[in-house]
Amino acid sequence: MNRFLFVVAAGMVVVALSWGLSIVGGPSQARAEKADAERARDLQKLRSYLECRPGEPVLPQSLSDTDYCPGRRGGLTLTDPVTGDGYVYKRLSDERFEICAQFEVEEHRRQDGARWVQLVFDGQVGCLAGQRRLS
Amino acid sequence: MSKELSTFVYDALNAGKSRAEISEVLVASGWAKSEVSHALAEWADISFTPPVPRPHATASARDFFVYALTFGLLIFGAINLVILAFHVIDFLFEGATRSWRVSGMRWAIAALIVSAPLYFWLALRDRRAVDRDPGQRRSIMRRWLIYVTLLITAIAFLGDAIAVIYALLQGDLTGQFMLKVLVVAAVAGGVFVYYLSDIRKDEEA
């Protein structure tokens with residue numbers, strides 16, 4: 001009877017561990033999650049920069065335009081932390097824009113959280129939309 | 001080491017009985033060989049009256065280390081097993097994991113990976129030692145720690161029962177909740193049954 005209990009206990013531990021690990025992923029998953037969090041933060045900073053006020057009447061043609069809101073360019077990251085590719089800036093009109101990045105973690109493994117709610121995903125590409133308000 | 005045993009050996013040696021006689025009589029009365037040899041080893045093997053005590057290291061400190069470690073790991077591992085199981089159940093019912101849950105899960109996984117194998121090894125080792133030498137059962141440390149473990153698992157069980165009734169009254173009795181209740185009952189119950197049967201063997205010995 002005692003051996004049976006031992007085996008059952010060991011079995012429970014093994015099941016819980018393997019299930020838990022399959023949900024949580026290994027170290028590479030954790031690194032991907034951290035990189036994605038950084039990308040989301042970078043996009044949010046870019047959005048606040050582009051929506052800066054008081055500011056310019058129209059959006060810049062590219063992110064590297066240093067004349068646009070020059071005082072607010074500190075702390076901006078324009079490139080992906082892992083791949084080094086530039087974040088994609090889509091100027092939709094004089095007031096509307098979209099900034100996009102390539103995210104690593106797949107949708108079904110993505111965690112809940114406020115930062116993900118605002119991003120619009122198309123496959124692995126997540127975009128943050130914004131609008132200049134002339135106030 | 002039992003006080004009566006020690007006093008008896010002293011009295012017997014003082015009365016001039018040989019070590020072989022004393023050993024025989026004690027074994028016939030139910031004492032394990034290791035206990036008898038420990039008791040006799042307390043007194044120097046030279047002919048002198050009264051018997052000369054020998055200095056010896058207390059086995060109790062070592063006992064404490066081994067058993068405290070074993071039962072500490074058991075309780076720590078069991079708690080983390082329950083925590084991990086809770087997270088897995090939540091994931092099954094709720095889908096996407098929240099970031100704070102993920103790091104909580106990782107911690108429980110790490111704790112379980114370290115404590116479970118070590119506990120099983122120590123417990124098996126103890127089981128073999130006790131099978132070989134039933135005198136081990138009388139180790140005070142061992143008995144105390146088993147009773148502490150039984151107490152903790154009993155409390156966990158009672159807490160579980162209270163939680164069920166409370167949830168029932170609150171209207172919160174969902175499948176997810178019941179599954180968690182069952183996990184706690186299984187883990188606490190398993191530990192309780194195993195060590196209760198162990199302690200019963202102690203009482204028989």
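Order of the sequence lines sets the chain letters (A, B, ...), proteins ahead of strands, with each chain counted from 1.
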How are the rings of F6(A) and Y194(B) set relative to one another: parallel (under 30°), tilted (30 to 60°) or perpendicular (over 60°)?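 If you compare the ring of F6(A) with that of Y194(B), the planes turn out parallel.
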Test applied, side-chain contact (heavy atoms from CB on, under 4.5 Å); reference residue, I23(A); option that passes from L92(B), I109(B), V88(B):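 One option only clears the test, and that one is V88(B).
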Tell me whether the count of non-hydrogen atoms from other residues, nucleotides or ligands lying under 6.0 Å of [atom1] in [X] goes above 12.
X	atom1	result
F93(B)	CZ	yes
Q124(A)	CD	yes
Y166(B)	OH	no

Ignoring hydrogens, what is the shortest heavy-atom contact between V13(A) and A116(B)? Give both atom names and the distance.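 Taking every non-hydrogen atom into account, CG1-CB, 3.8 Å.
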What closest approach, in Å, do M12(A) and L81(B) show between heavy atoms, and which atom pair accounts for it?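 It is O-CD1, 4.1 Å.
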Does any heavy atom of chain A fall under 4.5 Å from the side chain of A108(B), the backbone, both, or neither of them?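 Neither part; nothing is under 4.5 Å.
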Largest heavy-atom contact set with chain A, pairs under 4.5 Å, which of L124(B), V191(B), V183(B):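 The option with the most such pairs is L124(B).
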Separation of W19(A) CH2 from H87(B) NE2 (nearest 0.5 Å):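 The CH2 atom of W19(A) is 15.0 Å from NE2 of H87(B), to the nearest 0.5 Å.
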Say you draw a straight line from OH of Y195(B) to CG of L5(A); how long is it, rounded to the nearest 0.5 Å?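 CG of L5(A) is found 10.5 Å from OH of Y195(B).
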Side chain, backbone, both or neither of A10(A) within contact of chain B (heavy atoms, under 4.5 Å):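 When you check distances to chain B, atoms from both the backbone and side chain of A10(A) fall under 4.5 Å.
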Could you give me the CA-CA distance, side-chain angles and deciding distance for L84(B) and L17(A), then say whether side chain to side chain contact (heavy atoms under 4.5 Å, CB included) is met? CA-CA 8 Å; L84(B) 182 57; L17(A) 279 177; 4.3 Å; yes
